[in-house]
Protein chains: 2
Amino acid sequence: MATERETQAPTDRELCGLVKVLSNQIEANIRGRAATLGLTASQGTALCELTRPMTLRELAERMGCEPSNVTFVADRLEEQGYLERHPHPDDRRAKQLVLTPKGTELRRRLLELLSENSPLAPLAPEEQDVLQQLLTRALIR
Amino acid sequence: MATERETQAPTDRELCGLVKVLSNQIEANIRGRAATLGLTASQGTALCELTRPMTLRELAERMGCEPSNVTFVADRLEEQGYLERHPHPDDRRAKQLVLTPKGTELRRRLLELLSENSPLAPLAPEEQDVLQQLLTRALIR
DNA sequence: CTAGAATAGCTCTAACTGCAACTATTCGAA
DNA sequence: TTCGAATAGTTGCAGTTAGAGCTATTCTAG
């Protein structure tokens with residue numbers, strides 16, 4: 001029983017590990033689906049989150065990454081003709097990321113692929129609700 | 001109510017987003033703590049998981065990453081004198097990663113730092129139990 | 001009106017990541 | 001025994017990431 005001497009730390013660390021593994025699995029799912037459409041994982045994530053024209057900063061917030069990385073991702077999507085940087089109507093510093101028709105169509109197809117089988121599918125809807133509440137509570141600072 | 005036309009997909013995607021944000025936060029916490037000890041985030045994670053001598057592959061499993069990345073991390077930790085690659089007693093293909101006394105001491109200090117404030121602290125112990133169960137269920141394939 | 005702080009986006013860098021290909025060793029079945 | 005499959009670790013590569021430092025624009029207090 002020598003390995004049980006730690007009382008609280010291991011559970012916390014195990015939990016962190018589980019979160020990471022699940023996060024990896026979600027990312028791997030997106031990676032695989034996106035790859036079939038010629039996209040990388042972060043390109044796919046960006047496309048999903050572009051529910052409407054938004055600034056680079058807002059997309060970064062939704063994607064859970066730094067704005068500098070969105071610059072990079074947006075560059076690629078723009079090169080491929082999936083989105084355009086439009087001047088922001090109210091703020092000349094900012095730019096609006098706008099999907100092209102080609103990008104909108106690709107997004108539709110990607111969402112279709114992603115809805116087919118989610119890594120969270122093993123959980124019943126009520127369980128997903130509980131999970132959402134717990135995660136939200138954990139993230140409150 | 002036009003934005004509510006999607007019934008199931010958005011919740012799923014939101015949930016995935018929450019998992020990612022929490023995962024990022026956990027990683028950022030480790031990154032910050034590890035940095036004070038001159039370690040990168042993955043070096044810190046590796047150190048935490050090295051509860052005993054283990055193969056590179058087992059450490060990869062615990063860290064939730066590919067074995068190839070552990071090769072990289074182990075290289076750095078070995079350079080810094082925190083661990084050694086010992087030949088595996090039973091399998092000449094495998095190597096055992098063994099912490100040096102210096103590495104053991106560093107691990108102790110890191111665990112101390114990490115126990116001080118966890119990103120999961122906002123959750124009560126019972127909530128953490130529920131979270132663990134949900135995550136475990138979600139990960140069953 | 002005007003400086004100084006804050007913000008949006010960009011560039012650059014060091015580090016991390018998954019994946020595919022490779023070598024060495026072990027395992028398993030004919 | 002022996003040969004093919006499976007496994008441990010490594011290497012190389014393209015892609016991702018956070019963070020610091022930069023410019024341009026906006027906001028705010030005086």
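To find a chain, count down the sequence lines: A is the first, B the second, and so on, and within it residues start at 1.
For the pair Lys20(A) NZ and dT17(D) P, the computed distance is 13 Å after rounding to whole Å. Distance CG (Asn24(B)) to P (dT17(D)): 8 Å, rounded to an integer number of Å. To the nearest angstrom, C1' of dG19(D) lies 16 Å from CZ of Phe72(A). Atom C1' of nucleotide dA14(D) and atom CG of Asn69(B) are separated by 13 Å, given to the nearest angstrom. Between Arg31(A) atom CZ and dT16(D) atom C1' the separation is 9 Å, expressed in whole Å. Taking atom CD of Glu27(B) as the reference point, atom P of dG19(D) lies 10 Å away to the nearest angstrom. For the pair Arg76(B) CZ and dT10(D) P, the interatomic distance rounds to 14 Å; values are reported in whole Å. The CG-P distance, from Asn29(A) to dC19(C), rounds to 12 Å in whole Å.
In this structure, Glu61(B) places its CD atom where only 12 or fewer heavy-atom neighbours from other residues, nucleotides or ligands lie under 6.0 Å away.
Within 4.0 Å (heavy atoms only), Arg92(B) reaches sugar-phosphate atoms of the nucleic acid but no base atom. As judged by a 4.0 angstrom heavy-atom cut-off over every strand, Ala28(A) is placed among residues making no nucleic acid contact. Nucleic acid contact for Arg85(B): sugar-phosphate only, since backbone atoms but no base atoms lie under 4.0 Å from a heavy atom of the residue. Within 4.0 Å of Thr71(B), counting heavy atoms only, lies at least one base atom of the nucleic acid. Residue Ser68(B) is classed as a base contact, given a heavy-atom separation below 4.0 Å to a base.
Where Asp91(A) and Thr40(A) meet DNA chain D, the nucleotide closest to each residue was compared, and Thr40(A) sits on the side nearer the 5' end. Nearest-nucleotide assignment on DNA chain C puts the 5′-proximal partner with Gln96(A), out of Cys65(B) and Gln96(A).
Look at Glu105(A) and Lys102(A) and you find no salt bridge, because none of the NZ, NE, NH1 or NH2 atoms lies under 4.0 Å from a carboxylate O. The pair Arg52(B)-Glu58(B) counts as a salt bridge, with a side-chain nitrogen and a carboxylate oxygen less than 4.0 angstrom apart.
Judged by distance alone with a 3.5 Å cut-off, a donor-acceptor contact links the side chain of Arg93(A) to the base of dT7(C).
Of the candidates dA8(D), dC19(C), dA18(D), the closest approach to any side-chain atom of Glu66(B) belongs to dC19(C). Checked against dT11(C), dG9(D), dG18(C), the side chain of Asp75(A) finds its nearest nucleotide in dT11(C).
Scanning both residues, Leu97(A) and Leu56(A), for their nearest heavy atoms gives CD1-CA, 3.9 Å.
Regarding contacts with the backbone of dA8(C), every side-chain N or O of Thr55(A) stays at 4.0 angstrom or more from both OP1 and OP2.
Inspection of the Gln96(B) and Glu84(B) side chains reveals no N or O donor paired with an N or O acceptor under 3.5 Å.
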